[in-house]
2 protein chains.
Amino acid sequence: MAERASESEMQVLSALWDESPQTAADLAETVGTANGWTLATVKTLLARLVQKGAVTAEAEGRRYRYRPAVDRADAVGDESQRFVDRLFGGRVSPLIAHLAEREALSDTDIAEIEALLRRLKS
Amino acid sequence: MAERASESEMQVLSALWDESPQTAADLAETVGTANGWTLATVKTLLARLVQKGAVTAEAEGRRYRYRPAVDRADAVGDESQRFVDRLFGGRVSPLIAHLAEREALSDTDIAEIEALLRRLKS
DNA sequence: GCCGATTGACTACATCTGTAGTCGTATTGC
DNA sequence: GCAATACGACTACAGATGTAGTCAATCGGC
């Protein structure tokens, strides 16, 4: 259970991590419109997430309320690991270096990361 | 051209970034065995990479020597951006936080990241 | 010069993914 | 009560992906 979610599915799952439960219509409005998906598409993604065991559907009257069934930290951690393995041979600093070069790091990001590192070293 | 490489394709491309040119047989021996792929599979991945314009094939006698045709920094940067967008809403520090929590950061990583940040701030 | 090994070209095929559409039913506004 | 609508179940379908196999040509060793 809890097979990997595809990229699109991950967007939906992400929205559920941010707020849950949500209905298909809710998600269509937020994630759907953000990605240019119709309600039908969002429903399909939800169905697949449920089938993969990444999301649970709880009946509320005639409709369902969806909730994440996997832990965000776990899922995100797994993905991150795969990602750094795949592109950086498991090394994290080259990733940071790339993000920095691409100016993908805001001042806030930098400050936050520094704070994190301080905590890590203590 | 230069469409996105799939995960498996990326492994091959990555090997070419590390060393090039290489033949299909070379790659099968390294990336192939590392992933449990046969020579045939590696050849397919190479063909797809060439078709996508991510790798060039230069004939050397009866065989080809493959070289990356896309810049590593560019490709990796794009992937990284997509990745942080997808899982962290574009914010980098949560990614670092997760990696840190998973103890995926070595002391060396931390030191390197700090050095990077110092450079960024100057 | 012949034979086995090598190599690219082409083909195969199940599954996953992205992106919906249809349909029957239940619900709700009037 | 009936019509419009909302909802889930099921179906559709092309393209991407993972994973290889076949085949014909060729090269290298004997």
(Q) Just to be sure I understand the rule, does B:Ala47 reach a base, reach only the sugar-phosphate, or reach nothing, if contact means heavy atoms closer than 4.0 Å? (A) nothing

Q | D:dC27 base / B:Arg62 side chain donor-acceptor hit below 3.5 Å | A | no

(Q) Using a 3.5 Å distance criterion without hydrogens, assess whether the side chain of A:Asn35 forms a donor-acceptor pair with backbone atoms of A:Trp37. (A) no

(Q) Please confirm whether the shortest side-chain N or O distance from A:Ser6 to OP1 or OP2 of C:dG18 is below 4.0 Å. (A) yes

(Q) Output the rounded distance in Å from CG (B:Leu39) to C1' (D:dT19). (A) 13 Å

Q) Rounded to whole angstrom units, what separation is found between the CG atom of B:Leu49 and the C1' atom of D:dA16? A) 13 Å

Q.
Counting the atoms with a prime plus P, OP1 and OP2 as sugar-phosphate, which does A:Gly36 contact under 4.0 Å by heavy atoms, base, sugar-phosphate, or nothing?
A. sugar-phosphate

**Q.** Distance below 4.0 Å between A:Lys52 side-chain N/O and C:dT17 OP1 or OP2
**A.** yes

Q. Given that A:Asn35 and A:Lys43 both sit by DNA chain C, which one's nearest nucleotide is further toward the 5' end?
A. A:Asn35

Q) Quick one: which of B:Val31, B:Leu46, B:Leu16 gives a side-chain contact (heavy atoms from CB on, under 4.5 Å) with B:Gln22? A) B:Leu16

Q: Take atom OH of B:Tyr64 and atom P of D:dT26, then tell me their distance rounded to the nearest Å.
A: 13 Å

Q: Round to the nearest Å and state the distance from A:Glu7 atom CD to C:dG18 atom C1'.
A: 11 Å

Q) Quick one: B:Leu45 CG to D:dG21 P, roughly how many Å, whole number? A) 14 Å

Q. Over how many whole Å does the gap from A:Leu46 atom CG to C:dG18 atom C1' extend?
A. 15 Å

Q.
Counting distance alone, no hydrogens or angles: does the base of D:dT17 have a donor or acceptor under 3.5 Å from a partner atom on the side chain of B:Arg4?
A. no

Q.
B:Trp17 vs B:Val70, test: side chain to side chain contact (heavy atoms under 4.5 Å, CB included). Steps then yes/no.
A. CA-CA 9 Å; B:Trp17 277 326; B:Val70 296; 3.9 Å; yes

(Q) Under the ring pair (Phe, Tyr, Trp, His ring centres under 6.0 Å) definition, can you give me all pairs with a residue in residues 46-84 of chain A, not counting sequence neighbours? (A) A:Phe83-B:Phe83

(Q) Whole angstroms only, please: what is the CG-C1' distance between A:Leu27 and D:dG8? (A) 15 Å

Q.
For a quick check of understanding: with a heavy-atom distance under 4.0 Å over all strands, which category does B:Thr41 fall into, base, sugar-phosphate or nothing?
A. base

Q.
More than 12 heavy atoms of other residues, nucleotides or ligands under 6.0 Å from CD of B:Glu29: yes or no?
A. no

Q) Between A:Ser6 and A:Glu9, is a side chain to side chain contact (heavy atoms under 4.5 Å, CB included) present by the stated rule, with each step listed? A) CA-CA 5 Å; A:Ser6 76; A:Glu9 287 158 13; 3.3 Å; yes

Q: With heavy atoms under 4.0 Å as the rule, sort A:Arg63 into base, sugar-phosphate or nothing.
A: sugar-phosphate

**Q.** Separation of atom CD in A:Glu9 from atom P in C:dC16, rounded to whole Å
**A.** 11 Å

Q) If you pin B:Arg48 and B:Ala40 to their nearest nucleotides in DNA chain D, which one's is more 5'? A) B:Arg48

**Q.** Heavy-atom donor-acceptor pair, A:Thr44 side-chain to C:dA20 base, under 3.5 Å
**A.** yes

Q. B:Ala25 near the nucleic acid: base, sugar-phosphate alone, or nothing, with a heavy-atom cut-off under 4.0 Å?
A. sugar-phosphate

Q) So, does the side chain of B:Arg65 form a donor-acceptor pair with the base of C:dT7 at under 3.5 Å? A) no

